[in-house]
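Okay, here's the structure, questions in a sec.
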Amino acid sequence: MIPNVFKEVIDLGDGREISIETGKLAKQAHGSVVVQSGETMLLCTVVSNYDAADVDFLPLTVDYREKFAAAGRYPGGFFKREARPSTEEILVMRIVDRVLRPLFPKDYHAETQVMIQLMSLDKEVMPDALAGLAASAAIQLSDIPFETPISEVRVGRINGEFIINPSLSQLDQSDIDMVIGASEDSVMMVEGEMSEISEEEMVEAIKVAHEAIKVQIEAQKRLVAQVGAKETRAYEPEAEDESVLKKVKAFAYDKCYEIAKSASSKSDRGLAFSELKDALKAEYTEEELEEVGGLVSKYFSKIQKEAVRNLVLEEGIRLDGRKTTEVRPIWCEVDYLPSTHGSSIFTRGETQALATVTLGTSREANMIDNPSLEGEERFYLHYNFPPFSTGEARPLRGTSRREIGHGNLAQRALKRMVPADCPYTVRIVSEVLESNGSSSMATVCAGTMAMMDAGVQMKKPVSGIAMGLISDGERYAVLSDILGDEDHLGDMDFKVTGTEDGITACQMDIKIKGLSYEILVNALQQAKEGRMHILGKLTETIAAPNTDVKAHAPKMVTAKLPNDLIGAFIGPGGKVIQELQKETGTTIVINEDPVTGEGIVEILGTDQSGIDAVLAKIDSLTFKPEVGSVYEMKVTKILDFGAVVEYVEAPGNDTLIHISELAWERTNNVTDVVNVGDTIDVKYLGFDPKTKREKVSRKAILPKPEGWQPRPPRENNNNRGRDNRGRDNRGRDNRSRDDRRPRDDNKED
């Protein structure tokens, strides 16, 4: 049976289109769409179980995978099939999840799975910018309860002009790379990196993106109208009991308010709330707790949140006693670890990050091999969040999606401040040792100081701050440098990083609808003040990058080598370069310049003399003597007809000086004039076409002896003592073949 296909087209306004199609593929899923732009095609499906899981949260899984077949390629590695998701795939999962999750009903606990697959790739169309649109469209076509359609777009800016969903090549020229997720009336998620833009420019970019998202939401609505909207499924909501809520509020609200107002530490505050909860449960019998214990815990958390939020809105007091604009106390230290190439500690309140820097060659670059993106990173950052940082004991299950996301944010914050001519591959590792709010921003600050300590010549130092928001619809308070509890209880988590001249990265998640641009602008301006305060603390600790790397850290020098000399430098089977590395204690890496084809030689070593020896070898290979110039040369070998001499300024670069060029007088033996180890001055006479060798002469720079006469040229006597008989004479007479006596074959020997 021919399927009935429904399709809607979105015009991006510059000749490009995005189509949304349903009815052809994956019809047993509860909702499925194919989103296409150019030759890039994403298949998105959504399925949600009809029975609720035995949990008190939404078990939502967003999965994004790129199929190598989409790009006409094989997966790398021994097993030729896609396996674990890559870092880039996980980052796409996160940006889609962060927009979708708040729009499901709070009491909807059915396991739900959104799967997005790249099925075809157009190199000029970045698929991650289409993933949010695909996810929302699939959900809209299902019967799953969901508040409102959303979409996501990427926005770039080239020469002051904003571009929606720019290509990869356009992003190379763009000073903004942001992904924005929004509903029709609310911006919900922002993530991206920038080249030191202002707060006003960032808000303008968000507005441009939001207008494009509204167009994509209208297309989803038209598609649903074509297909026919499904009736939203019924599900069993969570149990509620108004009498239990009133009793919990009467018992706990004022006490929660006082605990929140006590300006205690995280551990003391947590203990106080825990003891209060135990006291609340003591008001109930065991039988009552068996019946309503779950509601008591749920309502206690609700009342605790309400008390904390009201304290901020009514009195401007926060959990740790700070004002809304106040940043926690900061202390910093650099060069803490003696054997690393660079290190720093950044501590702000009860959040602490220890960062290390390792310097290497291009061989240590992070290789990216995905269907939609191939290349390498010469600067990258890894973020670790061990359980002890929050006083917990739990098993380690590998790198979490959260760790990948936080590390990526910190990497994007710093990478545009690493100069393009930095010769090193730079790896930063951030170990979060304590956490009570915004460990990713602590990582940015620690990473900045560790790079400056390592001698990486950053363009400018970068700091970061996490902002929060509490609003009741009429009143609002923007909170600088939020605590972990304020993140959990608040309405916004907005992380902003930048230099003194502008924003370099941001990440925003908004939990309420209808955040006004006025509040957003106020939050950004308050964030700028906080960033400048933190930046001052960093530069008090280390004002500028160290002028050189540490004594035990490798020094990097690069040199160029003509393409035709690379083979001689490497040697047969790599013998020459391997011996050179062994002798000099260096690491040598050769890359080809993609433009000129020259060899770019990276020399990494801790001993400057070893590096100098490698440079001398390169100089000797590239050394070109000038005709008529005089050079100092060392005799390395004596031959019967001359001596092998080596240019002193280019060791390993040698030539032959003929015996006749040693002196004006006749030289019978080479050793009468020079011996092995002697240093002599010679004149370079250029290429001799007769011998097909370079010609050098000692006698050319010596004065001619008095009365010296050149020897007369030898006579041209080619017969060498023979008579002038021709070739056919050879001592025989001139008899013809017919005159010769016939051979007697029967003659006895």
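The analysis underlying the following values was restricted to heavy atoms, covering all of them including side chains, and did not include hydrogens, waters or symmetry mates. The shown structure was predicted, so the numbers you read here are calculated from the model rather than taken from an experiment.
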Q) Does a salt bridge link Asp177 with Arg412, judged by any charged N lying under 4.0 Å from a carboxylate O? A)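 Salt bridge: yes.
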Q. Considering only heavy atoms from C-beta outward, does the side chain of Ile534 approach that of Ile465 to under 4.5 Å?
A. yes
(Q) Can a side-chain donor-acceptor contact be found between Ser372 and Glu66 if the only test is distance below 3.5 angstrom? (A)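 Yes, side-chain donor-acceptor contact under 3.5 Å.
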**Q.** Residue pair Gln526 / Ser480, side-chain donor-acceptor N/O under 3.5 Å
**A.** yes
Q.
Quick one, Leu469 and Leu479 - any side-chain contact, counting heavy atoms below 4.5 Å?
A. no
Q) Do you see a donor-acceptor pair shorter than 3.5 Å between the side chains of Glu193 and Gln411? A) no
**Q.** Flag for Ser195-Arg416: side-chain donor and acceptor within less than 3.5 Å
**A.** yes
(Q) For His30, give me all partners under ring pair (Phe, Tyr, Trp, His ring centres under 6.0 Å), at least two apart in sequence or on another chain. (A) Tyr50
Q.
One pair to check against salt bridge (charged side-chain N to carboxylate O under 4.0 Å, His left out): Asp369 and Arg73. What are the steps and the verdict?
A. CA-CA 11 Å; Asp369 184 24; Arg73 295 176 52 209; 2.2 Å; yes
(Q) Does Arg157 form a salt bridge (charged side-chain N to carboxylate O under 4.0 Å, His left out) with Glu201? I'd like the steps, not just the answer. (A) CA-CA 10 Å; Arg157 187 178 66 174; Glu201 289 173 309; 3.1 Å; yes
Q) Have Gln113 and Ser48 got a donor and an acceptor in their side chains that come within less than 3.5 Å? A) no
Q. Are side-chain N/O atoms of Glu124 and Ser169 paired as donor and acceptor at under 3.5 Å?
A.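 Yes, because at least one side-chain N or O of Glu124 sits under 3.5 Å from a partner of the opposite role on Ser169.
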Q) Would you call Lys67 and Pro371 a side-chain contact if the rule is heavy atoms closer than 4.5 Å? A)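 Contact flag for Lys67/Pro371 side chains = no.
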Q. Do Glu196 and Lys460 meet the salt-bridge criterion of a basic N to acidic O distance under 4.0 Å?
A.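 So Lys460 pairs with Glu196 through a salt bridge.
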Q: Ignoring hydrogens and angles, state whether a donor on the side chain of Gln36 or Glu21 is under 3.5 Å from an acceptor on the partner side chain.
A: no
Q. Got more than 12 heavy atoms from elsewhere within 6.0 Å of CG, Asp14?
A. yes
Q: Please say which of His382, Glu191, Glu88 ends up in a side chain to side chain contact (heavy atoms under 4.5 Å, CB included) with Asn408.
A: Glu191
(Q) Please find the pair of heavy atoms, one from Met202 and one from Leu524, that lie closest to each other, and give the distance. (A)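 Met202 and Leu524 have their closest heavy atoms at SD-CD2, 4.0 Å.
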**Q.** Asp501 and Lys459 ion-paired at < 4.0 Å
**A.**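 Salt bridge flag = no for Lys459 with Asp501.
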Q) Is there side-chain contact between Val418 and Met451, with heavy atoms separated by less than 4.5 Å? A) yes
Q) Is a salt bridge present between Lys511 and Asp491, judged by a nitrogen-to-oxygen distance below 4.0 Å? A) no
Q) Heavy atoms, side chains only, cut-off 4.5 Å: are Leu141 and Ser32 in contact? A) no
Q.
Does atom NZ (Lys80) have a neighbourhood of more than 12 heavy atoms from anything else shown, all under 6.0 Å?
A.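 More than 12 heavy atoms, drawn from other residues, nucleotides or ligands, come within 6.0 Å of this atom.
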Q) Where do Arg65 and Glu82 land on the salt bridge (charged side-chain N to carboxylate O under 4.0 Å, His left out) test, with the steps shown first? A) CA-CA 9 Å; Arg65 298 300 177 98; Glu82 291 82 358; over 6 Å; no
Q: Determine whether the side chains of Ser151 and Ser136 contain a donor N or O and an acceptor N or O closer than 3.5 Å.
A: no
Q. In chain order, what residues pass the side chain to side chain contact (heavy atoms under 4.5 Å, CB included) check against Leu25, with sequence neighbours excluded?
A.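 Once residues adjacent in sequence are excluded, the partners of Leu25 under the side chain to side chain contact (heavy atoms under 4.5 Å, CB included) criterion are Val34, Leu43.
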(Q) Using side-chain heavy atoms (C-beta onward) and a distance below 4.5 Å, is Leu414 in contact with Ile428? (A) yes
Q) Is the backbone of Glu17 close enough, under 3.5 Å, to the side chain of Ser19 for a donor and an acceptor to pair up by distance? A) no
Q: Assess whether side chain to side chain contact (heavy atoms under 4.5 Å, CB included) is satisfied between Arg402 and His406, documenting all intermediate values.
A: CA-CA 6 Å; Arg402 178 183 179 277; His406 279 36; 3.6 Å; yes
Q: Go through the steps for Leu121 and Glu39 under the test side chain to side chain contact (heavy atoms under 4.5 Å, CB included), then give the verdict.
A: CA-CA 6 Å; Leu121 176 66; Glu39 294 181 0; over 6 Å; no
Q | NZ/NE/NH1/NH2 to OD/OE distance under 4.0 Å, Asp143 and Lys230 | A | no
(Q) Using a strict threshold of under 4.0 Å (side-chain N to carboxylate O), is an ion pair present between Lys123 and Glu374? (A)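 So Glu374 pairs with Lys123 through a salt bridge.
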Q: Might you point out which heavy atoms bring Val426 and Cys422 nearest each other, and give the distance in Å?
A: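 What the structure gives for the nearest pair is CG2-SG, 4.2 Å.
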Q | Residue list, side-chain hydrogen bond (donor to acceptor under 3.5 Å, both in side chains) with Asp97, at least two apart or on another chain | A |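 Asp97 satisfies side-chain hydrogen bond (donor to acceptor under 3.5 Å, both in side chains) with Arg101 once adjacent residues are dropped.
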Q: Over all heavy atoms of both residues, which pair between Cys506 and Val190 is shortest? Give the atoms and the distance, please.
A: SG-CG1, 3.6 Å
Q) Within the side chain of Gln220, is there an N or O that forms a donor-acceptor pair under 3.5 Å with the backbone of Ile150? A) yes
Q.
Under the rule for salt bridge (charged side-chain N to carboxylate O under 4.0 Å, His left out), what residues qualify as partners of Glu211, not counting sequence neighbours?
A. Lys214
Q) Excluding sequence neighbours, so at least two apart, what forms ring pair (Phe, Tyr, Trp, His ring centres under 6.0 Å) with Phe6? A) none
Q: Would you name the heavy atoms of Ile144 and Val47 that are closest together and state the gap between them?
A: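 Closest pair (atom of Ile144, atom of Val47, distance): CD1-C, 4.5 Å.
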(Q) Can you give me the closest heavy-atom contact between Ile176 and Leu171, atom names plus distance? (A)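 In this case the closest contact between Ile176 and Leu171 is O-CD2, 4.1 Å.
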Q | Check: Ser435 main-chain N/O paired with Thr351 side-chain donor or acceptor under 3.5 Å | A | no
Q) Does Glu8 reach the main-chain N or O of Ala219 with its side chain, forming a donor-acceptor pair under 3.5 Å? A)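 Not a single qualifying donor-acceptor pair exists.
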Q. Do Tyr74 and Phe68 have their ring centres less than 6.0 Å from each other?
A.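 For Tyr74 and Phe68, the ring centres are not under 6.0 Å apart.
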Q: Could you tell me whether the side chain of Glu199 reaches within less than 4.5 Å of the side chain of Gln525, counting heavy atoms only?
A: yes
Q | Arg378 to Tyr424 six-membered ring, cation-pi geometry met (6.0 Å, 45°) | A |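 Relative to the ring axis of Tyr424, which defines the angle, Arg378 lies outside at least one limit.
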Q. Who passes side chain to side chain contact (heavy atoms under 4.5 Å, CB included) against Ala410, sequence neighbours left out?
A. Leu381, Thr443, Val444
Q: Please check if atom NZ in Lys528 has more than 12 non-hydrogen atoms from other residues, nucleotides or ligands closer than 6.0 Å.
A: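 Atom NZ in Lys528 is not crowded, with 12 or fewer foreign heavy atoms closer than 6.0 Å.
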Q.
Parallel, tilted or perpendicular: which one describes the rings of Tyr517 and His210, with boundaries at 30° and 60°?
A. tilted
(Q) Is any side-chain heavy atom of Pro59 closer than 4.5 Å to one of Phe57? (A) yes
Q. Is the backbone of Ile158 close enough, under 3.5 Å, to the side chain of Glu161 for a donor and an acceptor to pair up by distance?
A. no
Q. What heavy-atom pair brings Tyr476 and Asn522 nearest, and what distance separates the two atoms?
A.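 Heavy-atom minimum between the residues: OH-ND2, 2.6 Å.
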Q.
Quick check against the 3.5 Å criterion: does Ser430 have a side-chain atom that pairs as donor or acceptor with the backbone of Tyr383?
A. no
(Q) Quick check against the 3.5 Å criterion: does Thr40 have a side-chain atom that pairs as donor or acceptor with the backbone of Val125? (A)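 A pair under 3.5 Å: yes.
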Q) Out of Arg98, Met189, Met441, which residue meets the side chain to side chain contact (heavy atoms under 4.5 Å, CB included) rule with Gln507? A)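 Single side chain to side chain contact (heavy atoms under 4.5 Å, CB included) partner of Gln507 among Arg98, Met189, Met441: Arg98.
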Q. So, Ser362 versus Asn591: side-chain donor-acceptor pair below 3.5 Å or not?
A.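 Their side chains do contain a donor-acceptor pair, which is all the 3.5 Å distance test asks for.
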